[in-house]
Amino acid sequence: MNSKKVNYIFVALCILLPILYGVFFIRNFTMPLSGGGDVDEWEYVGYYLSENISFKPFPQLIFNHNQTFYPFGTTQVFSDWSLESNYWFAFFYKFFGHGPWLNLYYILSLIVSFLGTFILLKKEFGEYKAFFVGFVVTFLNFYALNKYPHHFNHSTIHWAILSLFTDFILVKRIIFNESISLKWVFLKAFLLITTLGMNLGYICGFALNSFVISFVFVLIVFIKRYIKSDFQLKNYLFAWIKELKQAPLLFFILAIPFIILLFFYLPLVLQIYFEAKTFHLDEANAPHFWSHPLRMLLPYFPYFSALPNPLIEFLKDMPEGLGSGSPGWFCLFLGIVGFFRNRKKYWLVFLPLIILLIISTFYHPNKIPTLKIFPWGAYNRVPSRFTSILPVIFSCFFLPINFKTIPFKKLFFFLITTILVLEVSVVYKFRFSQKPFEFDKDFFAYMHHIKEQKGEAIMDFPFCIVGGDGTGLKENLCPIFTKTCNVYALRRFHEKKVIGGYYSHVHESAIKGFVNGGIGNWMKPDTNSWQFASKIINTFDSQQLEHFVKYFQYNDFVGINVCVDLIPKEMYQQIIENIGKPTHSTVYPGAGKVVFIPRPKGWEKLMNASKAKLIHYPCGC
């Protein structure tokens, strides 16, 4: 079969296989992405952007608002911004309403990862290696696959993958004094800009880290060679100027895509950065979900898998996410074999990757804050999220390998095939068991009913006011985190302001009004552990009940959403007796059965915004 036919087959497979993955493992292409926990956040950020962006003439967001943390409000700057998916959702939501927009985006992300890797690498390393590595970073990146849907913005990492590969190629070509066309420079610039649309706190940061390390490294190489009268950089510049003069229109056209991306991304990235810098966040006591570097050695095997994050007692760490820290033995084996087989010729090419690997793997926000040397690393709170980049680094180590020189080839292929079969069977069996969330048949009617009510806000009870950094937990502002942290994000359906909110970082000043108001005194969970609390166990005493009712009366709540599965029957009865009977019910993702109790007639006269913000506990109202 000739090379052209092989190329067409590989391109078709790069598109077809992600679609098949979606059919078998995503399965939801008709409904919005939801399911409780962090899952609801990803649509909400896009929804918030759609409602609060303006172009004057550049994109600008309103960050400070009381759409959440009602009535006091807070900044949205610490939402998990991933501007490409945010814009994607906002566009489809504005023109077509709610739908499976993020799931469609996810499949496109897999296609870009696979097809983009193949296109980037085929000229450099051949079609077969390019296809193989594209498959590895797309379908054998177990950590990234398992980030869907819980941490959606860490499962869509396509541009970061391609950016790291171009950094590797850039270093390789410079070290070996190979040609670099101006078109390739434009491609590198385009891919670097596209990473601004990835998760800003982590995925974009990993790509920027790689580029900065590679850039500094090649700059040192240029300087050392210049001292030895090797004018490599000068030669590149002259060649690029010549190319530009020969086809100025072509390069003008090539510049248009990343000028457009800069228009949509850069103003918001800068706005987010400078807004975030106005807050001083003390993370000394925040959970950092640190994963021990030895987790890199854990396999995805039957009966002993990295999925449940074993050995916590032994390693004394706090892994976050399925398979935290572990790329799996298949990727690890590729990386080790590739590194040691290629180290003599490629050790300089590998050096930036090794630096990136070391400073990221051993990073700890407090004890070893290596990544905080970069401006964008200031809010990197979860070191293990670098795991999704490990398959890319290990693939780079493997890419230059010459199969003919591998000793014991039969043993090598037997071992690597056995590991592949074992790990794929474990991970993909688990992925298939993760069924998509299905909305209750009354959910959308319930939300529409709330949307139609007169008034600006809705009270969710129990509520959750919390930061991923732990702010609000000790104040009992989110007594049942695992079941209610997502409830605020359901406002994308009913469009009312809500008391709750959940962001990666929350400044203490944002919860001051709630703490002073004493609403954390209303509820007592069944355990003080935020990871395991599942139900409220107290009933209102006379002071709590008075404070609860007055707080409801003073604020402009159209009613109350009571999560009846999360509170005692006696407490639910107290709410009915003092506010009214429910008129509608449905099931919330995560929180379970919920009923809507509308604001009693005549209570709108009791609203008082000043009293609402000054109320304290005990009430004495």
Side-chain angles (χ1 to χ4, degrees), residues 38 41-42 45 75-83 143-144 147 150-157 159-161 163-164 167 192 195-214 216 268-270 272-293 295-296 317-321 323-327 352-353 355-390 392-393 467-471 502-507:
D38 288 10
E41 180 177 357
W42 317 123
V45 182
T75 178
Q76 303 276 157
V77 74
F78 293 112
S79 291
D80 279 300
W81 296 103
S82 302
L83 293 174
Y143 179 80
K147 279 296 182 182
H150 183 67
H151 284 154
F152 181 88
N153 60 347
H154 292 277
S155 67
T156 50
I157 59 174
W159 298 125
I161 290 173
S163 185
L164 260 75
D167 291 339
L192 194 63
T195 63
L196 296 177
M198 302 284 92
N199 172 261
L200 288 175
Y202 295 90
I203 306 305
C204 173
F206 299 148
L208 293 177
N209 293 349
S210 171
F211 176 73
V212 169
I213 293 169
S214 299
V216 171
L268 294 186
V269 169
L270 293 175
I272 290 167
Y273 176 77
F274 288 115
E275 175 79 9
K277 293 293 285 184
T278 62
F279 294 89
H280 174 72
L281 298 169
D282 181 10
E283 291 193 294
N285 299 314
H288 292 295
F289 301 101
W290 177 70
S291 290
H292 198 287
R295 288 195 176 276
M296 193 181 293
D317 57 355
M318 190 180 179
E320 184 248 25
S324 178
S326 171
L353 292 172
I355 295 170
L356 177 65
L357 183 63
I358 291 172
I359 66 173
S360 301
T361 302
F362 291 93
Y363 168 73
H364 188 289
N366 289 337
K367 298 178 181 178
I368 313 175
T370 50
L371 296 184
K372 292 191 177 182
I373 62 174
F374 303 105
W376 46 84
Y379 300 108
N380 189 316
R381 186 174 52 85
V382 187
S384 64
R385 290 176 178 171
F386 181 72
T387 310
S388 61
I389 302 301
L390 292 178
V392 184
I393 294 176
D469 53 10
T471 305
Y502 172 35
Y503 307 107
S504 60
H505 299 273
V506 172
H507 194 266

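This structure is a prediction, so every number in the text was calculated from the model and none was measured.
Atom CZ of residue F206 and atom NE2 of residue H154 lie 7.5 Å apart, to the nearest 0.5 angstrom. Here CZ of F274 is found 11.5 Å from OG1 of T278. Values are rounded to the nearest 0.5 Å. If you take CG on L353 and CD1 on I358, they are separated by 11.0 Å, rounding to the nearest 0.5 Å. Atoms CD and CZ, from E275 and F78 in turn, are 8.0 Å apart once rounded to the nearest 0.5 Å. Rounded to the nearest 0.5 Å, atoms SG (C204) and CG (L196) are 5.0 Å apart. Atom OG of residue S82 and atom CD1 of residue I203 lie 8.0 Å apart, to the nearest 0.5 angstrom.
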Next on the checklist: Applying side chain to side chain contact (heavy atoms under 4.5 Å, CB included) to T75 and Y503, what does each step give before you reach the verdict?
Outcome noted: CA-CA 9 Å; T75 178; Y503 307 107; over 6 Å; no
Checklist entry - Can you list the steps and then say if H364 with W290 is a side chain to side chain contact (heavy atoms under 4.5 Å, CB included)? => result CA-CA 7 Å; H364 188 289; W290 177 70; 3.5 Å; yes
Checklist entry - Step by step, would you call H151 with W42 a side chain to side chain contact (heavy atoms under 4.5 Å, CB included)? => result CA-CA 8 Å; H151 284 154; W42 317 123; 3.9 Å; yes
Item to check | Residues L192, L208; criterion side chain to side chain contact (heavy atoms under 4.5 Å, CB included); working and verdict | outcome: CA-CA 8 Å; L192 194 63; L208 293 177; 4.1 Å; yes
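Two residues are said to be in side-chain contact when any heavy atoms from C-beta on lie closer than 4.5 Å; Y273 and P375 meet this criterion. In this structure, the side chains of S291 and M296 stay at 4.5 Å or more apart for every pair of heavy atoms. Looking at heavy atoms from C-beta onward, P352 lies out of side-chain contact with S210 at the 4.5 angstrom threshold. At a threshold of 4.5 Å between non-hydrogen side-chain atoms, the residues D80 and E41 count as touching.
No donor-acceptor distance shorter than 3.5 angstrom exists from the side chain of S79 to the backbone of W81, with no hydrogens or angles considered. Between the side chain of Y143 and the backbone N or O of L390 there is no donor-acceptor pair closer than 3.5 Å. One N or O on the side chain of T387 and one on the backbone of S384 form a donor-acceptor pair closer than 3.5 Å. Of the possible polar contacts, none joining the S360 side chain to the L357 backbone as a donor-acceptor pair under 3.5 Å is found. Using a distance-only test at 3.5 Å, with no hydrogens or angles considered, a donor-acceptor pair links the side chain of D167 to the main chain of F211.
Scanning both residues, A144 and I157, for their nearest heavy atoms gives CB-CD1, 4.1 Å. Considering every non-hydrogen atom in both N199 and N153, the closest pair reads ND2-ND2, 2.7 Å. In terms of heavy atoms, R381 sits closest to P365 at O-CG, 3.9 Å. Of all the heavy atoms in M198 and W159, the pair that sits closest is CE-CD1, 3.4 Å.
In the model, S163 has no side-chain atom that pairs as donor or acceptor with a side-chain atom of T195 under 3.5 Å.
In this view, E320 and K147, R385 satisfy the salt bridge (charged side-chain N to carboxylate O under 4.0 Å, His left out) rule, not counting sequence neighbours. By the side chain to side chain contact (heavy atoms under 4.5 Å, CB included) test, T370 pairs with I359, Y363, I368, sequence neighbours left out. Not a single ring-ring contact (aromatic ring centres under 6.0 Å, His included) links H150 to another residue, sequence neighbours left out. For F374, the ring-ring contact (aromatic ring centres under 6.0 Å, His included) test picks out W376, with sequence neighbours left out. Y502 is linked by a side-chain hydrogen bond (donor to acceptor under 3.5 Å, both in side chains) to D38, counting only residues two or more places apart in sequence or in another chain. The salt bridge (charged side-chain N to carboxylate O under 4.0 Å, His left out) check on D317 picks up R295, with sequence neighbours excluded.
A side chain to side chain contact (heavy atoms under 4.5 Å, CB included) with F386 is found for exactly one of L371, N380, N209, I393, namely I393.
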